[in-house]
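Note that ligands are numbered from 1 as they come in the structure, with each ligand's atoms numbered from 1 the same way. Computed from heavy atoms alone, side chains included, the values below leave out hydrogens, waters and symmetry copies. Given the structure is predicted, the values throughout are model-derived calculations rather than measurements.
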Amino acid sequence: MADAVHVGSGKVRELYALDDARLLLVASDRISTFDVVLPTEIPDKGRVLTGLSGFWFARTQSVCPNHLLALRPDGRSTECRRLRMLPIECVVRGYLSGSGWKDYRTTGEVCGHRLPAALRESDRLAEPIFTPATKAASGHDENITRTQAAALVGAEQLAEVERLSIALYQLAADHARGCGIIIADTKFEFGLDGGGRLVFADEALTPDSSRFWPADEYKPGGPQPSFDKQFVRDFCERTGWNKTYPGPQLPADVVAGTRARYIEAFERLTSMKFSTYLANPTTVLK
Ligand code: PZK
């Protein structure tokens, strides 16, 4: 990291430039809930997310090229190709939740997709839908129609990222379902390489970029428990915190339970022990 230049901060990640062609994405152990980063970290969370992204990048290469060059031995740092990022978030929803549910309830549509009447919160959709959003610098992404997205990236480019996003989601959601995890929705980011080719970038199908639900507890008609963050949310609700900065410190049992859930998601999805990943992160790419 001696000559890595810091070029960006996310809520829980840092971005460094290694040279003109390469970036280093470092996933911290910070956790956010209700849009606030908490003062307590979840040990190894960044390694779990980095390993899961590596796993999905390796397994989706036949669908789309990606930015991954290498995983560092620390298990939390990804060397990646530096791209020109598209100015849209490519969200795919297989279930009706979050802003998708909100928009459906008020308009019957999500991002210009008219959906059947009388759907319930968390219902599975007959087919996954592509629901792009703008990247708001202020944090809160805003859903846009495919027409609006086409104005930002061009109709041809949009059609291609829609096709790729649906294919990536279908591959991952089918795999996860066999592991007892529902991927309700996920957000992809794409960039363009020097030759103008589309490249799958950022993080891949992690619990931070997706809604993971435990399949054995799935019960449509209301909100679902989060596979990873439910202990944190329950604790925050019990404290009566008003969900503005600063958030509460987490007690040791909530930290340990949450860490165990992240590791459980990793081990179920990769069918690999997390200790094997820690000993050599590149094993997840095989
Ligand atoms: C890129 N972000 C999001 C912000 C983070 C991550 N391969 C790439 N090439 C060029 N730019 C990016 C990527 C990727 N991935 C990703 N912003 C730019 C972001 C802050 C911290 F860790």
Side-chain angles (χ1 to χ4, degrees), residues 1 3-33 35-38 41-42 44-61 63-92 132-142 144 149 152-153 157 160-161 164-165 168-169 172 185-210 228 262 281 284-285:
M1 294 261 308
D3 38 23
V5 176
H6 188 248
V7 294
S9 288
K11 279 205 299 250
V12 303
R13 297 180 303 160
E14 304 296 336
L15 195 56
Y16 300 85
L18 295 172
D19 55 46
D20 287 352
R22 296 179 308 145
L23 296 175
L24 190 69
L25 213 96
V26 182
S28 75
D29 292 336
R30 298 192 293 272
I31 186 168
S32 72
T33 190
D35 274 331
V36 174
V37 177
L38 300 180
E41 296 191 330
I42 306 299
D44 291 323
K45 171 177 176 279
R47 294 188 174 94
V48 166
L49 271 55
T50 299
L52 265 182
S53 274
F55 171 81
W56 291 120
F57 281 135
R59 274 153 191 80
T60 58
Q61 282 183 84
V63 176
C64 185
N66 63 66
H67 76 163
L68 188 146
L69 294 170
L71 296 178
R72 292 244 170 130
D74 68 6
R76 66 171 71 254
S77 306
T78 306
E79 296 178 10
C80 55
R81 286 193 276 161
R82 198 168 193 168
L83 305 166
R84 275 195 301 132
M85 299 301 287
L86 301 189
I88 56 169
E89 312 269 20
C90 293
V91 178
V92 179
T134 57
K135 296 184 189 181
S138 55
H140 272 115
D141 299 336
E142 193 180 333
I144 54 176
L152 292 171
V153 301
Q157 190 108 250
E160 187 62 0
V161 296
L164 292 170
S165 296
L168 290 168
Y169 172 81
D185 52 42
T186 194
K187 176 182 79 183
F188 299 112
E189 297 212 29
F190 293 91
L192 297 170
D193 69 12
R197 287 170 293 261
L198 279 169
V199 179
F200 178 16
D202 202 82
E203 58 184 326
L205 296 142
T206 71
D208 275 10
S209 64
S210 320
D228 45 298
Y262 278 104
V284 86
L285 305 177

Considering all heavy atoms, the nearest Thr134-Ile144 contact
CG2-CG2, 3.5 Å
For atom 3 (C) of ligand 1, the protein heavy atom that lies nearest, with its residue and separation:
Asp202 OD1, 3.5 Å
For ligand 1, find out whether one of its N or O atoms is nearer than 3.5 Å to an N or O atom of Arg82.
no
Residue of the set Lys187, Lys45, Arg13, Arg30 for which salt bridge (charged side-chain N to carboxylate O under 4.0 Å, His left out) holds with Asp208
Lys45
At what distance is the nearest protein heavy atom to atom 7 (N) of ligand 1, and which residue and atom is it?
Arg81 O, 2.8 Å
For atom 6 (C) of ligand 1, what's the nearest protein heavy atom and its distance?
Arg13 NH2, 3.5 Å
If you measure from atom 13 (C) of ligand 1 to every heavy atom of Met85, Lys11, Glu189, which option wins on shortest distance?
Met85
Minimum side-chain heavy-atom gap Arg22-Arg81 below 4.5 Å
no
Given that the side chain starts at C-beta and the backbone is N, CA, C, O, which of these parts of Glu14 lies under 4.0 Å from ligand 1, counting heavy atoms, or is it both or neither?
backbone
Would you call the rings of Phe190 and Phe200 parallel, tilted or perpendicular, taking 30° and 60° as the class edges?
tilted
How far is atom 21 (C) of ligand 1 from its nearest protein heavy atom, and which residue and atom is that?
Gly10 N, 3.3 Å
Does Ser9 reach ligand 1, in the sense of a heavy atom lying below 4.0 Å from it?
yes
Could you walk me through whether Trp56 and Glu203 satisfy the side-chain contact (heavy atoms from CB on, under 4.5 Å) test, starting with their C-alpha distance in whole Å, then the side-chain angles of each, then the deciding distance to 0.1 Å, before giving a yes or no?
CA-CA 9 Å; Trp56 291 120; Glu203 58 184 326; over 6 Å; no
Ranked by distance from atom 9 (N) of ligand 1, the top protein heavy atom is Leu83 N, 2.9 Å
Taking 4.0 Å as the limit for heavy-atom contacts, which would you say applies to Leu25 with ligand 1: side chain only, backbone only, both, or neither?
side chain
Which heavy atom of Pro87 sits nearest to which heavy atom of Val153, and what is that distance?
CD-CG1, 3.7 Å
In the protein, what heavy atom is nearest to atom 17 (N) of ligand 1, and what distance, to one decimal place, separates them?
Leu15 CD2, 3.7 Å
Look at Arg82 together with Asp19 and state whether they make a salt bridge at an N to O cut-off of under 4.0 Å.
no
Heavy atoms of Leu285 and Gly54 approach each other most closely as CD2-O, 3.4 Å
Side chain, backbone, both or neither: which applies to Leu23 and ligand 1 if a contact is any heavy-atom pair less than 4.0 Å apart?
side chain
Please examine the side chains of Tyr262 and Ile31, heavy atoms only from C-beta on, and report whether any two atoms are closer than 4.5 Å.
yes
Ala27 contact mode with ligand 1 (heavy-atom cut-off under 4.0 Å):
neither
